[in-house]
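Reminder, nothing fancy here: chain letters follow the sequence lines and each chain counts from 1.
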Number of protein chains: 2
Amino acid sequence: MRHLQDYLFFKTIVEAGSIRKAAESLTITSTALNRRILAIEEDIGVELFERLPKGVRLSSAGEIFLHHVREQLTDIERVKSQIADLSGERRGHVRIACSQALLTAFLPAQISIYREKHPGVTFSVQKKDRKEAEESLRNLSSDIALVFEPESLADFQILSVSKQQTYAIMSTEHPLAGRPQLKLSDCLQYTLALPSSDYGIRRILNSKANRSAQSLSPAIESDSFEFLRYLALHKQYITFQISIGLPEDLSQLNMTAVPLNTKDVPYGMLYLGQRSGRTLPVAAAKFAQQLVNELQE
Amino acid sequence: MRHLQDYLFFKTIVEAGSIRKAAESLTITSTALNRRILAIEEDIGVELFERLPKGVRLSSAGEIFLHHVREQLTDIERVKSQIADLSGERRGHVRIACSQALLTAFLPAQISIYREKHPGVTFSVQKKDRKEAEESLRNLSSDIALVFEPESLADFQILSVSKQQTYAIMSTEHPLAGRPQLKLSDCLQYTLALPSSDYGIRRILNSKANRSAQSLSPAIESDSFEFLRYLALHKQYITFQISIGLPEDLSQLNMTAVPLNTKDVPYGMLYLGQRSGRTLPVAAAKFAQQLVNELQE
DNA sequence: AAATAGTGATGCAAAATTTGCACTGCTCTG
DNA sequence: CAGAGCAGTGCAAATTTTGCATCACTATTT
C-alpha cells in the first residue's frame with residue numbers, strides 16, 4: 001500500500017534511532033526520508049521527534065503517533081488478508097511468539113499441517129519468554145502467542161488453556177528409565193540439568209521443591225532445552241520437559257521420557273492467546289483455531 | 001493528512017455512487033480520481049468496485065475496505081486530537097447523534113458551556129431516531145449518541161442512563177394548567193397533539209394506554225416537537241415532552257408543563273453512549289464526560 | 001585544542017509521479 | 001436510434017519527490 005509507506009518509514013526510524021540509519025535499511029536517501037518526516041510533522045502540526053546530536057528520539061506526540069502507526073500497519077494486513085480470503089485462496093503471514101518448548105515438535109508439525117492446506121500462508125516464529133511474548137502481542141509484533149505459565153495476562157485474550165504434565169527425560173541406560181512414573185524426589189538423587197529459572201518448567205519444579213522443603217540443585221543450568229537434552233543423553237543427567245515439548249524421536253536417540261506423578265508435581269498451564277480486542281488476519285485466526293482444536297484433545 | 005487523501009476519495013466515491021460525481025465535489029478531475037482508484041485496486045490486487053453503466057458499486061472486497069477506511073478516518077482524528085491535547089489547547093470536532101427532545105434546551109446549553117472552556121472544539125449535531133442514531137455510531141459517522149428509549153443497544157456502550165419523567169405541555173389558559181401533577185386519563189378527555197409513533201415519548205404513552213385499555217387517539221400527529229408545542233399553545237391542545245426536553249422559556253410563551261404521575265406513566269430512559277470498543281477523540285470523550293456529570297444530577 | 005565523525009536540515013536540478021485534456025468504447029434511456 | 005452519462009486511456013504539462021552537495025551543529029577522539 002502506497003500511502004502506508006510513510007508509516008513504515010516512520011516506524012523504521014523509531015527502531016533505528018536515526019534517520020540516516022533508517023534510510024540505509026530502506027534503500028532511500030536520508031534527505032528524502034528526512035523530508036518525508038518533516039512533511040508529516042507539518043501535516044500534524046507537531047514535531048514527532050526530538051533532534052539530538054546522535055539521532056532522533058520520539059517526542060510524546062511521536063509516541064502517540066507510533067501507537068497509531070503500529071495499529072495501522074497490522075490493520076491493513078488484516079484487511080488485505082480478509083479480502084484475499086474472499087477469492088478462496090488464503091494468503092497472509094502469521095507471526096507467532098512462543099515458549100521454547102513448542103519449537104521442538106508441536107509448532108513445526110502444526111505449521112506443516114496448515115501449510116499443506118494453505119501454501120500461500122507464511123509464518124514467522126519467535127522464541128520469547130513469558131514477558132516478551134506478552135509484550136510482543138501488545139505492540140503488535142506478533143499475532144498469536146503460545147506461552148507456558150504466562151505472567152500477567154494483561155491485554156491477553158485467552159483462546160485456549162491446556163494442562164501440561166511434566167516429564168523427566170533421560171538416557172535409556174539411566175537407572176530410572178523404564179519406570180512407568182516418577183516423583184520429583186526420585187530424581188533428586190541423581191544429577192539434574194535444568195532450564196534457567198525464568199522458564200515455566202523450572203518454576204513448576206521450584207514450587208514443588210519449595211513446598212516439600214527439598215532443594216533443587218542442578219549441576220547444569222541452560223536456557224537451551226536442546227542442549228539440556230543432549231547433555232542428559234551423554235552424561236546420564238536427568239532433565240525435564242512438558243508433554244507438548246517432547247521430541248518425537250526420543251527413542252531413536254536412546255532416550256526416554258517418564259511422566260512425573262501429577263499429584264507430586266502439578267500440571268502446568270499452556271496458554272494460547274492473542275491481544276484482546278484485536279481482530280486477527282484471516283490466516284492467523286484460522287491457524288489459531290487449528291491450534292485450539294488440537295490443544296483440546 | 002496527505003496519505004489519507006486516497007481514503008477520503010474512496011469514501012466520497014462510495015457515497016456519490018459514481019467517480020465523476022465524486023470528482024466534482026472533490027474539485028479534481030474524474031480522470032485523476034479514476035486513476036487513483038485503479039492504483040489502489042492494483043495495490044490490493046482486487047477490484048474494489050463493480051463498474052456499472054450508471055456508475056460504480058462496491059464489490060464485496062470494497063465493503064471490507066470501506067469498513068477499514070471509515071475506521072482509519074476516524075482514528076486519525078482521534079490521534080490528532082490526542083496530540084493536540086498535549087499542547088494544552090483542546091481542539092477537535094464532536095459529532096453527536098441525538099433524539100429530537102435534546103435539541104431544544106439540553107444540548108444547546110451543554111455545548112455552549114463546553115465551548116466557553118474550549119473554543120477550539122467544534123460540534124455537529126444530527127437529529128436521529130433511535131435506529132438511525134445507533135447506526136450512525138456503528139458506521140462511525142457520530143462519536144456519541146443521546147437516545148431516548150433506544151432500540152437494540154448492540155455495539156452501544158452505555159456511558160450514562162437517566163430517568164426521564166413525562167410532562168404534559170399546554171397553554172396557561174388550559175383547564176388542566178396549574179395542577180401540580182396529572183394522570184394520563186386526565187389528559188385523554190382533551191384533544192391531544194402527539195409525536196409520531198416512532199418516538200420514545202409516544203411509545204411510553206402508548207404502552208400505558210394499552211395497559212389500561214385506554215385509547216390514545218391524537219387529533220394531530222407530527223414528528224416536529226416544536227410544531228406540536230405551538231399547536232398546543234394556540235389550539236389548547238395537550239402535548240407531551242420528557243423533562244430534559246422542556247424548553248426554558250415556556251412561561252414566556254404562556255405555556256406550562258405539568259408532570260405526569262410516575263406511577264401512572266413510568267419513567268422513560270435516556271441513554272448516552274458511544275460505539276463499544278472505540279476510543280473517542282479527546283474532545284468527544286471530555287464532552288461525553290461533561291454530559292455524564294450533568295445527567296447524574 | 002583541534003580534528004573527526006556522526007547527526008539533521010536545505011538549495012537546487014534531475015527524476016518520477018500525478019494531473020488534466022481530448023478522446024474511446026460502453027450501456028442504458030427516451 | 002440518437003443522446004446522455006459512465007469508466008478507461010494516451011499523451012503532454014504540472015507537480016511532487018528524490019538525490020547530490022553542502023551547511024550547521026555536537027560529541028568524541030586525538
dist B:R51:CZ -> B:S59:OG (nearest 0.5 Å) comes out at 9.0 Å

Taking only Lys NZ, Arg NE, NH1 and NH2, and the carboxylate oxygens of Asp or Glu, determine whether [X] and [Y] approach each other closer than 4.0 Å.
| X | Y | result |
| --- | --- | --- |
| B:R275 | B:E71 | yes |
| A:D143 | A:R278 | yes |
| A:K21 | A:E24 | no |
| B:E15 | B:K11 | yes |

Using whole Å, what does the distance between atom [atom2] of nucleotide [N] and atom [atom1] of [X] come to?
| X | N | atom1 | atom2 | answer |
| --- | --- | --- | --- | --- |
| B:I40 | D:dG8 | CD1 | P | 13 Å |
| B:I19 | D:dT9 | CD1 | P | 11 Å |
| B:E47 | D:dG8 | CD | C1' | 12 Å |
| B:R36 | D:dT9 | CZ | C1' | 18 Å |
| A:R20 | D:dG19 | CZ | C1' | 13 Å |

So, the side chain of [X] versus the backbone of [Y]: is there a donor-acceptor pair under 3.5 Å, distance only?
| X | Y | value |
| --- | --- | --- |
| B:S142 | B:A145 | no |
| A:E134 | A:E151 | yes |
| A:S18 | A:R20 | yes |

Could you list the protein-to-nucleotides 24-30 of chain D atom pairs, N/O on both sides, closer than 3.5 Å?
none

*With a 6.0 Å cut-off on ring centres, are A:F49 and A:F65 close enough?*
no

Its 5'-most and 3'-most nucleotides having an atom under 4.0 Å from a non-hydrogen atom of chain A, DNA chain C is contacted over C:dT7 to C:dC12

Of A:A32 and B:R51, the one whose nearest nucleotide on DNA chain D sits closer to the 5' end is B:R51

Identify each atom pair where a protein N or O and an N or O of nucleotides 10-14 of chain D are less than 3.5 Å apart, giving names and distance.
from   : atom 1 : to    : atom 2 : distance (Å)
D:dG10 : O6     : B:R35 : NH2    : 3.2

Closest non-hydrogen atoms of B:D75 and B:R78, given as atom of the first, atom of the second and distance, are OD1-NH1, 2.7 Å

